[in-house]
Each structure stands twice: as C-alpha cells, then as structure tokens.
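Before any comments, here is the structure.
No hydrogens, no waters, no symmetry mates; every other heavy atom, side chains included, goes into these values. Keep in mind that what you see is a predicted model, and the values were worked out from it rather than measured.
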Amino acid sequence: MTMPASGASPVLEARDLQKRFGDRVAVDGVGFTIAPGETYGLLGPNGAGKTTTISMICGILARDGGTVSVAGQPVDVGTPAAKATIGYVPQDLAIYPDLTARENLSFFARLYGLKRTDAKARIDDVLEVVGLADRAGDRTDQYSGGMKRRLNIAIGLLHRPQLLVLDEPTVGVDPQSRNAILESVEALGREGMAILYTTHYMEEAERLCHRVGIIDTGKIRAEGTRRELVAMVGQRDKVKLSATGDLGAAAQTLAREPGVADATANENGLELIVDDARGLLPRLLQAAADAGLTVSTVEVVEPDLEAVFLHLTGRALRD
Amino acid sequence: MKALAIAGANLTRMGRDRLGLFFVVLLPIILVLYLGLQYGSSFSPKIGVHAEVPGVLGDQLIAGFGEIEPEAWGVVRFADEAALRDAVERGAVDAGLALPDRYDERVRAGETVEVEFLSPAGKVGIGIQETVRGIVAEQAARVRAARFAAAETGGSVGDQLAAVAEIEPTLPDLSVSTETAGSEIFPRELLGFALGAQSQLILFVFITSLTGATQLILTRTLGVSRRMLSTPTSSATILLGEALGRFGVAMIQALIIVIASALAFGVAWGDPLGTAAVVIAFSLVGAGAAMLIGAVASNPEQAGAIGLVGGLGFAAVGGCMVPPEVFPPIMQTISHFTPHAWAIDALRALAVHDANLFGVLPQVGVLAAFAAVLLGLATWRLRAALAG
Ligand SMILES: Nc1ncnc2c1ncn2[C@@H]1O[C@H](COP(=O)(O)OP(=O)(O)OP(=O)(O)O)[C@@H](O)[C@H]1O
Ligand SMILES: [Mg+2]
C-alpha cells in the first residue's frame, strides 16, 4: 500500500460535526480530511455514529454543527450542486428490486445529471468495473446478495465522483464477492479517488485504508496509520519461535538485541516482544542460530486494530 | 427533467406489479363492463297497466312496451286502478299507466283523452318516465295526423288512422317526431349506467392512488429516497417527481374508465373540458392523499390497510356506493366534507344538466383546495422522512 502524495489540498474536509437525535448524541465533534488517492477508514462498532457522520458529509442529513467541504465546495442538505462531487454508497441496498440493474443505473444517472449519451457509456463502464455486465438486464430481485452489493457500489461510481463514500459495503456478502469488492475499491484508490470507507471489520480497514479513525459513541478516539495507532497504545509485535537447544541462554542473548523488548523461554521455544517484527526477523533468526538453536517454525503476531480498539474503549469491536 | 425521471420510474414499477396492474387497469374495465351489462341492456323495468275496454289503439299502446329496444319491458295488467296504485306504491312495478275507459272508442271519436302516469313517490327513474312519454307521444302523433287528415278530407278519424298506419313510413314529418321520441329514450336509458360509471371512477381513482402510497414507502424504507438526496437533486424535485408518479397512475386509471365506458357503451360524460378538469383535480387529490399516507405510514402493509379502509370509507360517505341523491339532508352536508361528493356533483352536472367547464369551476376549485392542503401536509411531513 503506497501512501498518496501528501501536500495536495484535501478532497474532503469535515470539521467538528455534531448531531443529536432528541437526547441522544449520535455524533460529537467528528472531523477529518481525506487527500486525493487516499482511503480513509472509519472503524467502529454498531451505533458508533458512522452512518450519521457519513449522512452529514453527503448532505443527506442536516447537521447541528460543523462544516463539510468537498473539492473546495461547502456541502449541506440544501446544496444540490456540490453533491455532484460525491459518490455515496449507502449501507442499505438502495436499489429498486423491481427494476433491472441497467434501469436502476439509468435512473440514477439521470439524477446525477448525466446526459443520455454519456450515461449509456458510463453505465457500460461501471457494469464492467463491478463485473455485472452479463446480468445487466435482469431484475435485481433475482440477484444474489453479493451482486446487489456490487450494483449498489456501481451506482455511486456513475458520475466519476472525486470522493467515494462507502458505508459498510461488504455486509452480508460471500467471501468471493467481498474480495471482488475490496479489489475494486483498491483499484479506484490507485486511480486517485479519495475514499471514505466505514466498516466494523478491522481486517478490511487494515487492508484498504491508509489512515483509520477509530470511532465510538460519536467521537473519534484515535486516528492514524495502523502502525501509528498500534504504537500510540504501546502495542508491539510478538514473535514465536518453535526451537530446540539451550532455550534459557538463547533468551538472554536475544533480549540484548536492539529492537527486542523482551524474550522468554517456554517448553516449545521462545517468545519475543519486538518493535517491528518484519524488519527484525532476519537478524533475530541469525542470532538464534548463533545461540545454537534449531528453529522449526516462526510465527509473527502483529497487534491489530481490534487490540487497539479494546485498549481505547475497554470493549471488543464486535459484540 | 429529473422530476419526470422519478415519476417515470414510479410508472415503470407500477407496470411491473401484476396485482397493481389488475387494480389499476383490469378491475375498472371489468366493473365498467359489468355495469354496462347491468344498465346497458338487461335493465328492463316492469310497468303496471290498467285499461277498461282498451280496444285496438289501447292494446297497440300497451304492446309498445314489449317492443322497446334493447330489452322489452314487462307489462302487468291490473283489473282496477286502485290495485295498480297500490302496486306502484309498494314498488311491485316500477311505474303505472292508467288508460281511460273505452280508450280506443273515444280516440276514434276525436275526443281529447288523458292517460295517467303513476310513479312511486319521489324516486322514479327519469328513463322510465321518458320512455312512457315517448311511446304515448308516438301514438298521439299518429292520432293527430289522422285528425288532420279527417278534417281535410271529411272522413272519420278511425278511417284516417288506418290510412296513416299504411303510409307512415313515407311521411317525413311523422317519422321525424317518432324518431325524436325513440332517440331520446336511448341516452335516458343509459343514464343509470353513466351515474354508475361516475361513482366507479371516483371510487377507484382514489383507492388506487392511496394504495400507490406503498410504492413511496418502499422507496423510503429501501433507502432509495436517501440515495436520491445524495445526488445533485433538490428535495423539492424529489417530492414533485413522487407526486407526479402518483398523479400519473390516477390519471391513467381515470382515462381508462372514461374512455372504455364511452367507447364500449356510449356513456355520455358531458363536456370534455369540464370532465377533464374534474378528473385532473380529483387525481391531484388522490396524489396528495397518497403522498400523505406515504409520509406517515411506517410500512407498506399499514399503508395498504389505511388505503383500503380510507378509500372505501370516503367512497361510502362521499356517495360512490349509493347515489348521493337518496342521502338525507344531514348526510348530504357530511358527505361534502369528502372530495368525492364534490367530484360526483361536478360529474352529475356535466352529464345530466349539460354543464360546461365554467359550470363546474366551483367544484373543481374545492377539489383543488383539497389537493393543495393534502400535498402541503405531505410535503411538510416528507421532507424529514425522505432522509429516512
Ligand atoms: N434517525 C435517527 N433517529 C434517532 N436516532 C438515530 C437515528 N439515526 C441514528 N440514530 C442513533 O444514532 C447513533 C448512531 O447511529 P449510526 O447509524 O450512525 O451508527 P453506525 O455507526 O452507522 O452503526 P452500524 O454499524 O450499526 O451501522 C445510534 O445510537 C442510533 O441509534
Ligand atoms: Mg451504519
């Protein structure tokens, strides 16, 4: 995953978003920016305020406070023109079940203001992108869950938005469709699209997102790259070596290696706590060999966002 | 225009819904056909007749009822006039006709005779009265011709009547007067059908519009309306498009009923402009009511139930189930709280009293006000509901 060029002016700037429903504060001071070509993840459990945040960014829901601008234009409920820069893919399957995929696409193409001739070409393009070209004439109530999800995404791509907003786009799909969806999102990011991706699957956030905001009870609790987040909470990688030899002596030697915080022996081998397992691994294996150990397997356990979330909130990401 | 795209999607979806199509297209046609058969051909009244020594002319007159097209009337003879009156009052016959004693003899003698038409108090069909008048008028015309001939030639009225009967087909003025009586019968006969078709029109257009609210609710609950709001489309345009969709469905159904009944059974709706104005105004009322239900109901089942109960209830109170003419005054007043009553008033005025567009402007105005209030309320409620 290559980091997008920094310094370019951001596609999305959201500041201090506020929303309450009656007494319940759904979003409380959420703000972030997304650069061109950057994929930003909002990771949080059910009810964290992801959809509410997105709805305010897309100008669907009136906000109680804060500002949003996309491609330099302010966005709000009453600014239809500015919404042409955003492609919104809702969490619900917002498609007509009694229309075909092509009919759904041409309906939204008209709402996005595409000219008839452009629309035809764009519809063919996006059908190709999500791999539905051969089923475009079928009514969508005959689609599988994964196909519906893919059409749901295709609609948001019709007008070549500068910012693509995906609200949990892989919920309820089979692993194959899920992988296809993640691959198209990666491809769109490489083409330079700014992407806001919400999910409560941390594997997706880790795979797709350059930066992640961890959201809970309406607030961003932490933000950064995966490594930054992990470091922020003092989590380090774990390396497990299954080995035979003088384990106690080897543990003492390895503990003195730079980057190694701790090394302990157990009945199967050694367990090391290190700063950057991937970078250190060749040196660690060499040192183990030098200490007379015979290593049979190596396992690297990197702390994940799940652990970060647990650390930040004291709760698991999924209940 | 984006609003048209939204309305168009609504109509396409309606076209995909078999049950919806049945209600919008097929059921009204079936009912118009049913009504057409009911009133158009097999509606044959029974007439009670009392005649003492009717003679040839009296018998001819009575036989005339058996020759009415398209369906002969039933004739019941009564021995005395009191029995006839009684039968008419009890409704055992639809109307009564009392010929004076020695009818034939007195007509031939050149006397002026009066036949008495008996109708049950207050509720005789215009058609029946008009038909009887036509048959009597036909014979009267022949008698007058014979009298004229008798006066000219000096023969007896009786002789001249026979001559008139022979040459009648070649007498232009006589055949014209007979024709007039005959052709008047036809639209009068069908009037009952026209009234029925008017009620069906109002009842169906409203119910269909209301059940159309379920489409709007699906659009909301599926999240499609949210998604529409995320596109560069204003909420006003979205609401306009949805309202146009409902209005389109109502208009399609209204056109089907009006055109099918007019073409197949010659129902005379009256002034086309006036009819169009009433139909458009009432379709707008239906669209407004549908939008309001679409805004407040939380699921399609609920909307369907409200639509059916509300649709039938308003139709009953508004005078679509029984003719509003039989309502007591208090009900007449209550019924005018429904748009249905105003629409039926206007359609009656057009079909029965030959009113034109200007004549029904007051009713059309009231309907437009109903529509404006409903659409206003719906817009206010829907603006928030669209975002789901
Ligand atoms: N229209 C609404 N009316 C009242 N409360 C709402 C409304 N929409 C959201 N909420 C509340 O706001 C909070 C945030 O909801 P939101 O849908 O933004 O969460 P989310 O992070 O998208 O959750 P999920 O992962 O389940 O989609 C929740 O407590 C929810 O109950
Ligand atoms: Mg959500």
Side-chain angles (χ1 to χ4, degrees), chain A residues 19 21 51-52 54-63 70 73 75-100 103-114 116 119 139-141 148 152 155-156 158-159 161 163-165 167, chain B residues 1-22 24 211-212 214-242 244-245 249 294 298-300 379-380 382-388:
Chain A
K19 183 71 193 179
F21 296 105
T51 299
T52 307
I54 281 187
S55 301
M56 291 189 281
I57 288 175
C58 295
I60 297 165
L61 188 67
R63 50 183 182 258
V70 176
Q73 298 182 67
V75 177
D76 205 341
V77 175
T79 60
K83 296 181 191 173
T85 53
I86 307 171
Y88 167 59
V89 177
Q91 183 171 359
D92 310 313
L93 289 166
I95 52 181
Y96 284 123
D98 39 12
L99 298 183
T100 67
E103 284 168 336
N104 270 291
L105 286 164
S106 31
F107 173 66
F108 280 105
R110 284 187 72 181
L111 293 192
Y112 279 123
L114 299 190
R116 251 172 225 279
R139 276 173 59 146
T140 61
D141 50 10
K148 288 181 195 167
N152 203 36
I155 293 171
L158 276 169
H159 56 305
L163 173 68
L164 179 65
V165 179
D167 196 355
Chain B
M1 195 184 156
K2 291 180 183 178
L4 288 181
I6 297 170
N10 270 301
L11 292 182
T12 310
R13 294 177 57 218
M14 189 205 82
R16 299 274 159 87
D17 172 13
R18 295 238 171 80
L19 192 66
L21 273 187
F22 173 76
V24 173
T211 50
T214 56
Q215 271 196 355
L216 183 56
I217 290 169
L218 274 179
T219 299
R220 270 174 52 209
T221 52
L222 288 171
V224 176
S225 59
R226 269 172 65 81
R227 183 169 219 157
M228 289 189 208
L229 275 178
S230 83
T231 69
T233 310
S234 70
S235 56
T237 303
I238 296 171
L239 289 171
L240 177 66
E242 292 290 342
L244 274 179
V249 173
S298 44
N299 56 57
T379 305
W380 170 60
L382 267 176
R383 262 182 200 277
L386 278 185

Between A:Ile95, A:Asn104, A:Leu61, A:Asp92, which shows the greatest number of heavy-atom pairs under 4.5 Å with chain B?
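Ranked by heavy-atom pairs under 4.5 Å with chain B, first place is A:Ile95.
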
Based on non-hydrogen pairs under 4.5 Å, which of A:Asn152, A:Thr79, A:Val165, A:Val77 is most in contact with chain B?
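Sorted descending by pairs with chain B, the first entry is A:Asn152.
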
To check you understand the geometry: which heavy-atom pair defines the closest contact between A:Leu99 and B:Thr12, and what is its length?
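Nearest heavy atoms, A:Leu99 then B:Thr12: CD2-CG2, 3.9 Å.
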
Which atom names give the shortest non-hydrogen contact between A:Ala94 and B:Gly223, and what distance separates them?
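Minimum heavy-atom contact is CB-O, 3.4 Å.
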
Please list, chain by chain and in numerical order, all residues satisfying side-chain contact (heavy atoms from CB on, under 4.5 Å) with B:Thr214, sequence neighbours excluded.
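Testing B:Thr214 for side-chain contact (heavy atoms from CB on, under 4.5 Å), a comparison that skips the adjacent residues, returns B:Pro300, B:Ala303.
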
For the [atom1] atom of [X] and the [atom2] atom of [Y], what is their distance to the nearest 0.5 Å?
X	Y	atom1	atom2	value
A:Leu111	B:Thr237	CG	OG1	9.5 Å
A:Lys83	B:Leu229	NZ	CG	5.5 Å
A:Thr51	B:Arg226	OG1	CZ	7.0 Å
B:Thr233	A:Phe108	OG1	CZ	9.0 Å

Give the C-alpha distance, both sets of side-chain angles, the deciding distance and a yes or no for side chain to side chain contact (heavy atoms under 4.5 Å, CB included) between B:Thr231 and A:Tyr88.
CA-CA 8 Å; B:Thr231 69; A:Tyr88 167 59; over 6 Å; no

So which part of A:Leu93 gets closer than 4.5 Å to some heavy atom of chain B, the side chain, the backbone, both or neither?
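Contact with chain B involves the backbone of A:Leu93 alone.
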
What part of A:Gln91 gets within 4.5 angstrom of chain B, counting heavy atoms only: side chain, backbone, both, or neither?
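Neither; nothing under 4.5 Å.
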
Please answer whether the main-chain N or O of A:Cys58 pairs with a side-chain N or O of B:Ser230 as donor and acceptor at a distance below 3.5 Å.
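No.
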
Counting heavy-atom pairs closer than 4.5 Å to chain A, which one of B:Ser235, B:Ala5, B:Ala9 comes out on top?
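The option with the most such pairs is B:Ala5.
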
Residues that A:Thr85 engages under side-chain hydrogen bond (donor to acceptor under 3.5 Å, both in side chains), provided they are two or more places apart
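Scan of A:Thr85 (side-chain hydrogen bond (donor to acceptor under 3.5 Å, both in side chains), adjacent residues dropped) gives none.
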
Go through the steps to decide whether B:Met228 and A:Phe107 satisfy the test side chain to side chain contact (heavy atoms under 4.5 Å, CB included), and finish with yes or no.
CA-CA 10 Å; B:Met228 289 189 208; A:Phe107 173 66; 3.8 Å; yes

Under the criterion side chain to side chain contact (heavy atoms under 4.5 Å, CB included), I'd like the reasoning laid out for A:Asp98 against B:Asp17: C-alpha separation, chi angles, the key distance, then a yes or no.
CA-CA 8 Å; A:Asp98 39 12; B:Asp17 172 13; 6.0 Å; no

Does A:Arg110 form a side chain to side chain contact (heavy atoms under 4.5 Å, CB included) with B:Ile6? I'd like the steps, not just the answer.
CA-CA 9 Å; A:Arg110 284 187 72 181; B:Ile6 297 170; over 6 Å; no

